[in-house]
A.B. asks: 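Sharing a structure with you now.
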Protein chains: 2
Amino acid sequence: MGSYSPAETAEKSGFSIDTLRYYEKIGLLSGIARNASGRRVFSDDDLSWLEMLRCLRGTGMPIAEMLRYSELARVPGTVAERLELLQAHDRRVEEQIALLREQQSRIKWKIGIYGSALTGACAAQRDEGDLAATGAVNGTAAATAGRG
Amino acid sequence: MGSYSPAETAEKSGFSIDTLRYYEKIGLLSGIARNASGRRVFSDDDLSWLEMLRCLRGTGMPIAEMLRYSELARVPGTVAERLELLQAHDRRVEEQIALLREQQSRIKWKIGIYGSALTGACAAQRDEGDLAATGAVNGTAAATAGRG
DNA sequence: CTCCCACCTGGAGTGCACTCCAGGTCAAAC
DNA sequence: GTTTGACCTGGAGTGCACTCCAGGTGGGAG
């Protein structure tokens with residue numbers, strides 16, 4: 001229904017105008033309409049394709065793979081391949097989130113260490129450097145002081 | 001307690017030897033011991049610091065900020081700053097995960113579309129191109145064929 | 001008519017985080 | 001005694017994904 005200038009599209013899609021041009025150049029966007037004076041005119045379909053691209057990029061899919069996906073998307077009868085590609089990616093995203101959570105919990109644990117160092121600090125604060133992680137647990141702090 | 005060669009440290013930490021050298025060069029690692037012939041000898045404390053670095057990098061903290069953190073970690077009495085830095089990062093990680101989940105659900109939705117296209121396909125398979133996202137919903141498919 | 005602004009193009013430049021390389025050292029294996 | 005392999009250094013090179021730039025066009029405002 002709608003048609004959108006490059007600036008509007010950039011705003012709506014979250015990609016910069018330069019990125020939109022770049023995506024068109026490398027083939028992630030094809031069949032973008034032009035008006036009489038050669039300017040790009042984006043459609044609602046372009047917008048939703050861009051939204052999809054944003055999800056893929058935002059979840060860490062490399063450009064090369066997005067390119068493969070968009071090539072598939074241009075060819076009828078490739079639904080199985082597209083499905084497979086997205087499913088594989090979805091699994092990677094799942095792993096990515098799991099790893100993130102794991103690493104985040106390590107960080108939260110460290111935050112807890114610092115938190116109790118601050119509250120219990122008045123009494124306990126010596127020159128502690130940082131007590132590199134397990135250092136705070138296994139008592140190697142003295143040898144550690146000065147690095148963190 | 002233990003002491004580790006660069007190769008062992010690379011294996012245990014998950015950073016390449018080159019990255020370890022690089023990290024030492026830019027100041028993320030300081031006070032790494034050397035043996036008589038000038039080779040690096042990593043300690044358990046170094047390992048756990050590396051583990052921390054891995055969590056920070058792995059959750060998307062830029063090198064520059066890790067550098068700031070490691071500088072703080074060398075100075076006693078900076079626990080409050082370190083705490084603040086990690087908390088701010090933790091919030092970003094939370095947002096990152098939320099965004100990832102949101103984008104993932106969009107991808108899963110698309111997977112669902114493809115899934116039902118495949119199962120219900122025998123009857124319904126026309127030249128559909130891709131049905132760019134909402135295209136599959138709002139009926140613009142015909143106009144969309146050939147892009148995806 | 002002139003100015004400005006949003007846009008166009010091809011191509012060069014950027015930032016980040018490594019990664020690789022050439023040339024050299026040392027200790028242990030053969 | 002020489003070969004091997006893991007390591008050292010400074011510095012150059014890489015890959016990715018943009019981002020910027022110079023020079024140019026077309027349409028509407030003043």
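Only this structure's heavy atoms are used, side chains among them; waters, hydrogens and symmetry mates stay out. Order of the sequence lines sets the chain letters (A, B, ...), proteins ahead of strands, with each chain counted from 1.
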A.B. asks: Closest to the S16(B) side chain: dC18(C), dG26(D), dT19(C)?
C.D. replies: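 For S16(B), the side-chain atoms sit closest to dT19(C).
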A.B. asks: Which of the following nucleotides, dT19(D), dC26(C), dC18(C), is nearest to the side chain of T19(A)?
C.D. replies: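 That would be dT19(D).
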A.B. asks: Base, sugar-phosphate or nothing for R57(B)? Non-hydrogen atoms, less than 4.0 Å.
C.D. replies: sugar-phosphate
A.B. asks: Tell me what A7(B) touches on the nucleic acid: a base, only sugar-phosphate, or nothing, going by heavy atoms under 4.0 Å.
C.D. replies: sugar-phosphate
A.B. asks: Centres of the F15(A) and W49(A) rings: under 6.0 Å?
C.D. replies: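 Not under 6.0 Å, so no.
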A.B. asks: Look at the side chain of E24(A) and the backbone N and O of R21(A), then say whether any donor-acceptor pair between them is shorter than 3.5 Å.
C.D. replies: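 Judged by distance alone, no pair lies under 3.5 Å.
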A.B. asks: R39(B) has an atom CZ; how far is it from atom P of dA28(C), in whole Å?
C.D. replies: 10 Å
A.B. asks: If you only use heavy atoms from C-beta on, which nucleotide in dC18(D), dA17(C), dC7(D) is closest to the side chain of I17(B)?
C.D. replies: dC7(D)
A.B. asks: Checking contacts here: which listed nucleotide (dC7(D), dA17(C), dT19(C)) is nearest the side-chain heavy atoms of D18(B)?
C.D. replies: dT19(C)
A.B. asks: Under 4.0 Å, heavy atoms only, any strand: does R21(A) hit a base, just the sugar-phosphate, or nothing?
C.D. replies: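 Result for R21(A) = base.
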A.B. asks: Of V41(A) and Y22(B), whose nearest nucleotide on DNA chain C comes first from the 5' end?
C.D. replies: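 So the residue in question is V41(A).
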A.B. asks: Between K25(B) and Y23(B), is NZ or CZ placed under 6.0 angstrom from the six-membered ring centre and within 45° of the ring axis?
C.D. replies: no
A.B. asks: Between G38(B) and A64(A), which residue's closest nucleotide on DNA chain D lies nearer the 5′ terminus?
C.D. replies: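 Final value for this comparison: G38(B).
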A.B. asks: Choosing from dC8(D), dG27(D), dC18(D), which nucleotide comes nearest the side chain of S37(A)?
C.D. replies: dG27(D)
A.B. asks: Side chain of R40(A): nearest nucleotide among dC7(C), dT9(D), dT9(C)?
C.D. replies: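 Side chain of R40(A) sits closest to dT9(C).
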A.B. asks: Can you see whether T119(B) engages S116(B) through a side-chain donor-acceptor pair at a distance of less than 3.5 angstrom?
C.D. replies: no
A.B. asks: Once you apply a heavy-atom cut-off of 4.0 Å, does F15(B) come out as touching a base, just sugar-phosphate, or nothing?
C.D. replies: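 Contact class for F15(B): none.
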A.B. asks: Among dA17(D), dC8(C), dG26(D), find the nucleotide with the atom closest to the side chain of R34(A).
C.D. replies: dC8(C)
A.B. asks: Could you check how far CD of E8(B) sits from C1' of dC7(D), rounded to whole Å?
C.D. replies: 13 Å
A.B. asks: So that I can tick it off, tell me whether R101(B) and E94(A) are bridged by a salt bridge, with the cut-off set at under 4.0 angstrom between side-chain N and carboxylate O.
C.D. replies: yes
A.B. asks: Whole-Å distance between dT19(C) P and Y23(B) OH?
C.D. replies: 9 Å
